[in-house]
Amino acid sequence: MIISNPKGTQDFLPLQSGQKHLVETRFRETVGLYGFSEIVTPTFEHTELFLRSTGLTTDIITKQIYQFIDKGGRDITLRPEGTPGIVRAVLQYNLKLPVRMFYIGPMFRYERPQKGRYREFYQLGVEAVGEIGPDIDVEIIEIGSRFFTGLGLKDVITKVNSVGCAVCRPKHRTELGLFLERNKAKICDDCKGRAERNPMRIFDCKEATCQELYINAPKIVDYLCFDCQQHFQSVLNELVERKIPFELNKMMVRGLDYYTRTAFEFVSSSSELGAQDSLGGGGRYDNLVEDFGGPKTPAIGFALGLERIMLALGTPRPIRKAVYIIPLDPSIQKQGKELLRLLRNANIPALLNNPDKNLRAGLGIADNLACEYVIIIGSEEVKKQIYTVKNLVKRTQKQVPQNQIIEVLTNKENQS
RNA sequence: GUGAGUGUAGCUCAACUUGGUUAGAGCACUUGACUGUGGCUCAAGAUGUUGGGGGUUCAAGUCCCCUCACUCACCCCA
């Protein structure tokens, strides 16, 4: 092979593509229950949009964006996440608030690929703009929880925390800064860097010694202002009320600059995921709309990583559903075509064997094409008007009168 | 950006510490036993610039250097 796909991208071959579609369908169903409608925004935006939202201190913006000048001299960036484009659209079209939207699409970040991390990757996300909460906070978390359960993912933990707001954060930041200053001899080099750039991120450190030390570090939840405290308490109460399993994790922080108040993350303990065990996360971003020049507007959302969800689900089983028709003799091709038309008109996926392939070869092709049934039509069958219907999965076959075939195939779930 | 590991047939891998003739095996593939029954069995068959380039050597898949690619981890994040 001379040309392969670029680093960090991946092909969804038919089998994976089927699984991807299943995940997306389940997502649409779940968010639909909560009144979310789809929004589709461009995969690239003016670079400035991301600079002003995602954050000038984040690695995503400083190192990971796919940025270029287009032929008209515009400064363009492939979106590294979905939220900024959606907030932009809300303001640009002056959408009536509150509004609940979801999105599915590719995002782009220039990073070193590893398990569960790609340069082009798909996110499933929701954004609720204009609702102050705390009910909507709980709804959003519940959606994620319900979605994962519906997919059959059992080992997903929902971590919840509050990161405060512009009022309470400075106080905490000062205290945390002092704490780090006092202990700077004990913290790792990475954390020294974090202390400079964005101190709250130290809680993410994987060094055991740092983790141990930070157990006694000042936590943001202990510094919340009255309003944030009230809000957070209501969220926690409502989570309990709705019987949504979660874990209050004071060390959990989010990576993007714009988050405020409620923050959460869905973590999987599946061994399929490697080091990237976060299936998704989100939180409030009550200042972002205002930062963009809009009115003061509360908002909350989350984003989930499609590829990570697929990894956690494991290797998909092929779904067999088509019927493969094999007329045994060229003279019977006519009956084969007739049946083909009949099945398709009855909404049953069907394929016809090529006359130059014999029965043996035809069965092999049917198997490769992941067909569920093979219908064999020979001279005997034509004479009696009773066709041979073979189930490729169960390895069984039976004679079915020609005029009952559709009925039998349609009710296949009910038979043994 | 940092670190480690791996590149041999379509896929998974072997060929060892100690370079030595024609680079092997399983799966998959093709054909036949089986012109009305695939995934079982048996027989036969095809397949390689050993990722690429350079070096050492009488001799390199094997040793050295460079380069490219992939993987995992750090960083960061979905």
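Computed from a predicted structure; not experimentally measured.
Across residues 273-282 of chain A, Gly274(A), Ala275(A), Gln276(A), Ser278(A), Leu279(A), Gly280(A), Gly281(A) each have a non-hydrogen atom less than 4.0 Å from an atom of RNA chain B (numbered order). Sorted by residue number, the members of residues 197-210 of chain A with any non-hydrogen atom under 4.0 Å from RNA chain B read Arg197(A), Arg201(A), Lys206(A).
Sorted by first and then second residue, the pairs that involve residues 25-38 of chain A and meet salt bridge (Lys or Arg N to Asp or Glu O under 4.0 Å), not counting sequence neighbours, are Arg26(A)-Glu29(A), Arg28(A)-Glu38(A). Residues in residues 134-143 of chain A take part in these salt bridge (Lys or Arg N to Asp or Glu O under 4.0 Å) pairs, two or more places apart or across chains: Arg100(A)-Glu139(A), Asp137(A)-Arg284(A), Glu139(A)-Arg242(A), Glu142(A)-Arg242(A). Under the salt bridge (Lys or Arg N to Asp or Glu O under 4.0 Å) criterion, no residue pair touches residues 147-159 of chain A, with sequence neighbours excluded.
The side chain of Arg112(A) contributes no N or O atom lying less than 4.0 Å from OP1 or OP2 of rG3(B). Between Gln114(A) and rU71(B), a side-chain N or O to OP1/OP2 separation shorter than 4.0 Å is absent. Contact annotation: Lys7(A) reaches the phosphate of rC70(B) (side-chain N/O to OP1 or OP2, under 4.0 Å).
Taking the six-membered ring where the residue is Trp, the centroids of Tyr110(A) and Phe108(A) are separated by 6.0 Å or more.
Using a 4.0 Å heavy-atom criterion, one finds that Tyr118(A) contacts the bases of the nucleic acid, with or without backbone contacts as well. Across all strands shown, Ser379(A) has heavy atoms under 4.0 Å from base atoms, whether or not it also approaches the sugar-phosphate. Residue Asp190(A) is in sugar-phosphate contact alone, with no base atom involved, counting any heavy-atom pair closer than 4.0 Å across all strands shown. Residue contacts for Gln64(A): at a heavy-atom cut-off of 4.0 Å it reaches the sugar-phosphate backbone alone, with no base atom in range.
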With a 3.5 Å cut-off and sequence neighbours excluded, list the donor-acceptor pairs that the side chains of residues 163-170 of chain A form with protein atoms.
{"residue": "Arg169(A)", "atom": "NH1", "partner": "Tyr259(A)", "partner atom": "O", "Å": "3.2"}
{"residue": "Arg169(A)", "atom": "NH2", "partner": "Tyr259(A)", "partner atom": "O", "Å": "3.2"}

Show which side-chain atoms of residues 247-254 of chain A pair as donor or acceptor with protein atoms under 3.5 Å away, not counting sequence neighbours.
{"residue": "Asn249(A)", "atom": "OD1", "partner": "Met251(A)", "partner atom": "N", "Å": "2.8"}
{"residue": "Asn249(A)", "atom": "OD1", "partner": "Met252(A)", "partner atom": "N", "Å": "3.2"}
{"residue": "Arg254(A)", "atom": "NH1", "partner": "Glu265(A)", "partner atom": "OE1", "Å": "3.1"}

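Every residue meeting the side-chain contact (heavy atoms from CB on, under 4.5 Å) condition with Ser17(A), not counting sequence neighbours, appears here in chain and number order: Phe12(A). Checked against side-chain contact (heavy atoms from CB on, under 4.5 Å), Pro199(A) has the following partners two or more places apart in sequence or in another chain: Arg173(A), Leu176(A), Leu180(A). Annotation: side-chain hydrogen bond (donor to acceptor under 3.5 Å, both in side chains) contacts of Gln123(A) (sequence neighbours excluded): none. Among residues two or more places apart in sequence or in another chain, the side-chain contact (heavy atoms from CB on, under 4.5 Å) test is passed with Lys171(A) by none.
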Exercise. Represent RNA chain B in dot-bracket notation, 5' to 3'. Only Watson-Crick or G-U wobble pairs with both distances under 3.5 Å count; pseudoknot-style crossings use [ ] and interstrand partners use |.
Key: (((((((..((((......[...)))).(((((.......))))).....(((((..]....))))))))))))....

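The distance from the CD1 atom of Ile141(A) to the CD1 atom of Ile244(A) is 7.0 Å, given to the nearest 0.5 Å.
The base of rA78(B) does not come close enough to the side chain of Glu265(A) for any donor and acceptor atom to sit less than 3.5 Å apart.
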